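The structure presented is a predicted model; accordingly, all values stated were derived computationally and were not measured.
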Amino acid sequence: MNRRHLLGSLVAILSPQARALYEPEPMALFRGLPGRWRGSLTYRDWSPPHGLVSLPCELFVALNSPSQASLYFVFQDGPGKVVHSYDRWTVSEAGDTFAWASGKETSTYDLTPLPAAAGETAVLLTRLQDGKTYRQRLRLGPKTLHIEKFEVEADGRESFRNRYEFARTDA
């Protein structure tokens, strides 16, 4: 046996098993999320007359683990002005909480599954902060991703904050 074969055999015998082969599959909410998305961000302008503003947006998603995704948003905010946002979504092991990290801020929500069409996953995210209730609805289909954010008024009405609407641009 020549040295090359001997060395190759030793490396194969002494090497640890490939762990990636034994990792669990992504949780249902994240299964169809990785890839490239194109769409828009629509939000209510804080300045009078408080109209709706819509910006072209791209989203790139990769999974860090079966229960965590990294999201990279790119917004076209006027001629020559590009805005970048780096977010992380993490679902608890029990599947009942959702952490949305953006920059140095992390918001933790209660996660409730919602009825969804065949092939889609939908969840309601709810959090209470400083006496205010915030809700986000996420709906993921094979070719679409929708994220809507609302502030809940004292009388229970939802006040629109923003909405992302994406279509998948990769295979």
> Given the rule in the side chain to side chain contact (heavy atoms under 4.5 Å, CB included) test, do E148 and L138 qualify, once you have shown the distances and angles that lead to the verdict?
Replying inline: CA-CA 7 Å; E148 296 179 298; L138 277 62; over 6 Å; no
Taking side chain as C-beta onward, heavy atoms only, is [X] less than 4.5 Å from [Y]?
{"X": "V123", "Y": "L114", "value": "no"}
{"X": "F75", "Y": "S85", "value": "yes"}
{"X": "P66", "Y": "P24", "value": "yes"}
{"X": "E151", "Y": "Y134", "value": "yes"}
{"X": "D77", "Y": "V82", "value": "no"}
{"X": "Q76", "Y": "V83", "value": "no"}

>> Just to verify, which of L125, L33, V61 counts as forming a side-chain contact (heavy atoms from CB on, under 4.5 Å) with W89?
In response: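 The side-chain contact (heavy atoms from CB on, under 4.5 Å) with W89 is passed solely by L33 among L125, L33, V61.
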Hey, is the main chain of [Y] close enough, under 3.5 Å, to the side chain of [X] for a donor-acceptor pair?
{"X": "H50", "Y": "D45", "value": "yes"}
{"X": "S92", "Y": "T97", "value": "yes"}
{"X": "R139", "Y": "A122", "value": "no"}
{"X": "S40", "Y": "T42", "value": "no"}

Can you name the closest pair of heavy atoms from [X] and [Y] and give their distance?
{"X": "P26", "Y": "R31", "result": "O-NE, 3.0 Å"}
{"X": "D87", "Y": "S102", "result": "OD1-OG, 2.9 Å"}
{"X": "F160", "Y": "R44", "result": "CE2-N, 4.0 Å"}
{"X": "G35", "Y": "R168", "result": "CA-NH1, 3.9 Å"}

> In the single-linkage hydrophobic clustering (I, L, V, M, F, W, Y; side-chain heavy atoms under 4.5 Å), do Y86 and F98 co-cluster?
Replying inline: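 Result: no, two separate clusters.
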> Honestly curious: do V53 and L59 fall in one hydrophobic cluster under the side-chain, below-4.5 Å linking rule?
Replying inline: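 Result: yes, single cluster for both.
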Gap between atom [atom2] of [Y] and atom [atom1] of [X] - 0.5 Å precision:
{"X": "E58", "Y": "Y72", "atom1": "CD", "atom2": "OH", "result": "9.0 Å"}
{"X": "N162", "Y": "K149", "atom1": "CG", "atom2": "NZ", "result": "6.0 Å"}
{"X": "E25", "Y": "L63", "atom1": "CD", "atom2": "CG", "result": "11.5 Å"}
{"X": "L124", "Y": "R135", "atom1": "CG", "atom2": "CZ", "result": "6.5 Å"}
{"X": "L145", "Y": "R38", "atom1": "CG", "atom2": "CZ", "result": "14.5 Å"}
{"X": "S159", "Y": "F150", "atom1": "OG", "atom2": "CZ", "result": "9.0 Å"}

Distance-only criterion, 3.5 Å: show the donor-acceptor pairs between side-chain atoms of residues 103-110 and protein atoms not counting sequence neighbours.
| from | atom 1 | to | atom 2 | distance (Å) |
| --- | --- | --- | --- | --- |
| Y109 | OH | R127 | NE | 3.3 |
| Y109 | OH | Q136 | NE2 | 3.0 |

>> Between Q68 and T90, do the side chains contain a donor N or O and an acceptor N or O under 3.5 Å apart?
In response: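 Yes, because at least one side-chain N or O of T90 sits under 3.5 Å from a partner of the opposite role on Q68.
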> How would you list, by chain and number, every residue that makes a ring-ring contact (aromatic ring centres under 6.0 Å, His included) with W37, sequence neighbours excluded?
Replying inline: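 For W37, no residue satisfies ring-ring contact (aromatic ring centres under 6.0 Å, His included) once neighbours in sequence are set aside.
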> Who pairs with Y164 by ring-ring contact (aromatic ring centres under 6.0 Å, His included), at least two apart in sequence or on another chain?
Replying inline: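 Expected list: F73, F166.
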>> Please evaluate residues F60 and R36 with respect to the criterion side chain to side chain contact (heavy atoms under 4.5 Å, CB included), reporting the C-alpha separation (whole Å), side-chain torsions for both, the decisive distance (0.1 Å), and the verdict.
In response: CA-CA 5 Å; F60 304 87; R36 183 177 179 185; 3.5 Å; yes
>> I'd like to know if E158 and R137 make a salt bridge, using a cut-off of under 4.0 Å between side-chain N and carboxylate O.
In response: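 Looking at E158 and R137, the cut-off is met.
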> Would you call K132 and D130 a salt bridge, taking side-chain N to carboxylate O under 4.0 Å as the test?
Replying inline: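 D130 and K132: not salt-bridged.
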> When you look at F30 and L140, which way does the side chain to side chain contact (heavy atoms under 4.5 Å, CB included) test go after all the steps?
Replying inline: CA-CA 9 Å; F30 291 163; L140 174 65; over 6 Å; no
> Given the rule in the side chain to side chain contact (heavy atoms under 4.5 Å, CB included) test, do L29 and V91 qualify, once you have shown the distances and angles that lead to the verdict?
Replying inline: CA-CA 9 Å; L29 179 59; V91 175; 4.2 Å; yes
